[in-house]
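Please read the structure below before turning to the comments.
To find a chain, count down the sequence lines: A is the first, B the second, and so on, and within it residues start at 1.
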Amino acid sequence: MRLSKFFMPVLRDDPKEAEIVSHRLMLRCGMIRQETGGIYSWLPLGFRVLTKIMDIVREEQARAGGLEMLMPTIQPASLWRESGRYDDYGKEMLRITDRRDNELLYGPTNEEMITSIVKSSVQSYKDLPLNLYHIQWKFRDEIRPRFGVMRGREFLMKDGYSFDLTEEAGREAYNRMFVSYLRTFAAMGLKAIPMRAETGPIGGNESHEFLILAETGESGVFFDKAFLEKDWSGVDIDYDDAGAVAGVVKEFTSLYAATEDIHDPAAFEREVPEDRRVSGRGIEVGQIFFFGTKYSKPMGCAVQGPDGKEVYLQSGSYGIGVSRLVAGIIEASHDEAGIIWPQPVAPFDLGLINLRQGDAATDGACEKLYEELSNAGLDVLYDDRSDRAGEKFTRMDLIGLPWQVVIGPRGVKSGMAEVKNRATGEKTDVPFDTLTGLMLDKCTEVYA
RNA sequence: CGGGGCGUAGCGCAGCCUGGUAGCGCAUCUGCUUUGGGAGCAGAGGGUCGCAGGUUCAAAUCCUGCCGCCCCGACCA
């Protein structure tokens, strides 16, 4: 992508409404634009990151047996009356009336709808297990939306639902999602610590929240230092091996980790040696629930078992805050100059900077490299604008692509490009003819 | 919902107290000179001063009502 043809309205000054760093940087980079309180447009740069995150979610869901589908944003109120949540949900639910006076709502989550779908289409235990998910916009009319897309009213969420015949099978489904979440966040370059959680309005008997550490996080967290020492990328798993899956879950849940809501100081002190106790702040990026028959029973979602008897399905639900992750990743990965994208979610693999746009030799070298890098399959943002060098450097640092390839008249003379690692700031001179190979290696390295 | 703050050009702000018909920086456009970490000079364009009433010869400025946004708290992916 040529910057001259891209839409990336970068702001030179900090917008006054943005307090926290991710919100500020997202606005400054031209990733998002607020339309009204807690509701945002995603501009091309931001949308690219959102898409990268969705790609990773889809890949890991597929691996763990999740089937993607798409349910609507608007739901009939009748569905929610069946589960009894229409009245429980309160003002957070946006209620709408259509022209025929039908009561509708903008979905804050989809347990009812998915249960209804499964109920109407699944009659036999032979059709189980099922694990269905979608990535769809949700609306929760928060009392106080804030911090940009971190706590928006409209937000993009991956929500998945499992249906099993027995409680044991349901718990195995929960475990598979637990492990897949570890993998999903790790694939984005994050360490998301699973913490025992309250079930809230979703209900149920078991739940874990996944939190990434960030100073600006909304939740206070307490956990065993061992989490920081773990190698998340090493969670390679055979999802068909229930014992192995349960082993990973046990490994992660046997260590103390809790948010302030349910933190038990006595247990913390008992279970974790003093020098290993860590407290800090975290951002919740995912939550999983196992709630058994909480929805299947009131909604009559049952199948015939092998013995011919009707059995209510055992369910869980599994959410990932996709749009929140964009902000969460920035909170976890930035410096004074701007964002530092982990490679897997970066909007582009690298930025190519032409320091002297209009100079025939420099333009020629840049065009050639741009073509070469692109043909190699890399996603390149080519800064071909005629701005001054300083502005280009500052802007590229701000948007935080993992690698910068800098080409100016000096380098063209010596046949060298300067390659800068955004995270470390390290700069290396690389001959033009080996550049593409090197960048291809760098950009496709498994994220560690 | 309680408490605090803010709405003036694309962005950041001054002007308001003490009414006299709108200004600064950056950005934008044109030209020339520059060009390896947010250039210089010269010129130009751009604003129903959040909205609606009221007071006044005259309102960005004073009064009333409304709307929107941000921050702190109780709730949440």
Side-chain angles (χ1 to χ4, degrees), chain A residues 9-20 23-24 27-28 30 33-39 53 57 89-93 107-110 135-160 181 192 197-202 207-212 218-219 259 261 282-289 317-328 337-338 353-359 362 385-398 404 406-414 416-418 420 425 427 429:
Chain A
V10 167
L11 305 177
R12 183 174 286 237
D13 301 310
D14 284 333
K16 64 170 178 181
E17 73 268 22
E19 287 286 309
I20 68 164
H23 190 195
R24 201 165 67 226
L27 288 169
R28 282 203 56 198
R33 194 184 93 109
Q34 182 172 110
E35 300 303 345
T36 184
I39 298 181
I53 291 173
V57 167
Y89 226 92
K91 290 200 162 178
E92 230 177 87
M93 185 151 76
T109 175
N110 284 63
I135 299 174
Q136 177 62 291
W137 293 94
K138 304 289 184 290
F139 193 92
R140 295 184 190 173
D141 202 356
E142 295 280 342
I143 297 167
R144 181 150 95 88
R146 64 188 123 164
F147 303 148
V149 298
M150 185 76 80
R151 174 163 302 289
R153 294 193 293 169
E154 186 184 51
F155 58 96
L156 190 61
M157 177 164 103
K158 170 262 161 182
D159 44 323
Y181 273 34
E198 285 178 327
T199 52
I202 308 285
S207 181
H208 286 90
E209 289 179 341
F210 291 76
L211 290 102
I212 57 176
E218 291 190 86
S219 318
T259 59
D261 304 338
I283 299 166
E284 188 191 339
V285 291
Q287 185 165 12
I288 59 177
F289 304 85
S317 74
Y318 315 94
I320 292 178
V322 175
S323 48
R324 171 181 286 184
L325 267 166
V326 179
I353 298 180
N354 183 342
L355 288 182
R356 189 77 63 86
Q357 191 70 34
D359 173 77
T362 314
R385 290 174 46 121
S386 43
D387 300 319
R388 301 174 67 82
E391 198 170 348
K392 293 193 175 205
F393 288 131
T394 306
R395 178 168 56 217
M396 201 58 90
D397 284 347
L398 176 69
Q404 297 173 10
V406 180
I407 294 171
R410 246 165 37 198
V412 169
K413 261 187 208 149
S414 56
M416 304 281 258
E418 182 186 273
K420 177 176 155 183
K427 296 175 188 168
D429 285 329

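Look at Gln357(A) and you won't find any side-chain N or O under 4.0 angstrom from OP1 or OP2 of U35(B). Neither OP1 nor OP2 of U35(B) sits under 4.0 Å from any side-chain N or O of Arg356(A).
Using the Watson-Crick or G-U wobble rule with both distances under 3.5 Å, U30(B) pairs with A42(B). With a cut-off of 3.5 Å on both pairing distances, C16(B) has no Watson-Crick or G-U wobble partner at all. When both pairing distances are held under 3.5 Å, C69(B) makes a Watson-Crick or G-U pair with G5(B).
Checking C71(B), G37(B), C26(B) against the side-chain heavy atoms of Arg12(A) singles out C26(B) as nearest. The side chain of Arg388(A) approaches U34(B) more closely than any other nucleotide in the set C1(B), U34(B), A77(B). For Lys16(A), the listed nucleotide lying nearest its side chain is G12(B); candidates were C69(B), G12(B), G37(B).
Ion pairing between a basic and an acidic side chain is recognised when a charged N comes within 4.0 Å of a carboxylate O; Glu391(A) and Arg12(A) show such pairing.
When rounded to the nearest whole Å, the span between CD1 of Ile39(A) and P of A77(B) equals 18 Å.
If Glu418(A) and Gly321(A) are placed on RNA chain B by their nearest nucleotide, the residue sitting closer to the 5' end is Glu418(A).
At a threshold of 4.0 angstrom between heavy atoms, the contacts of Lys91(A) with the nucleic acid are absent. Within 4.0 Å of Glu19(A), counting heavy atoms only, lie sugar-phosphate atoms of the nucleic acid but no base atom.
Applying the 5.5 angstrom centroid cut-off and the 30 degree plane-angle cut-off, the aromatic ring of Phe155(A) is stacked upon the base of A77(B).
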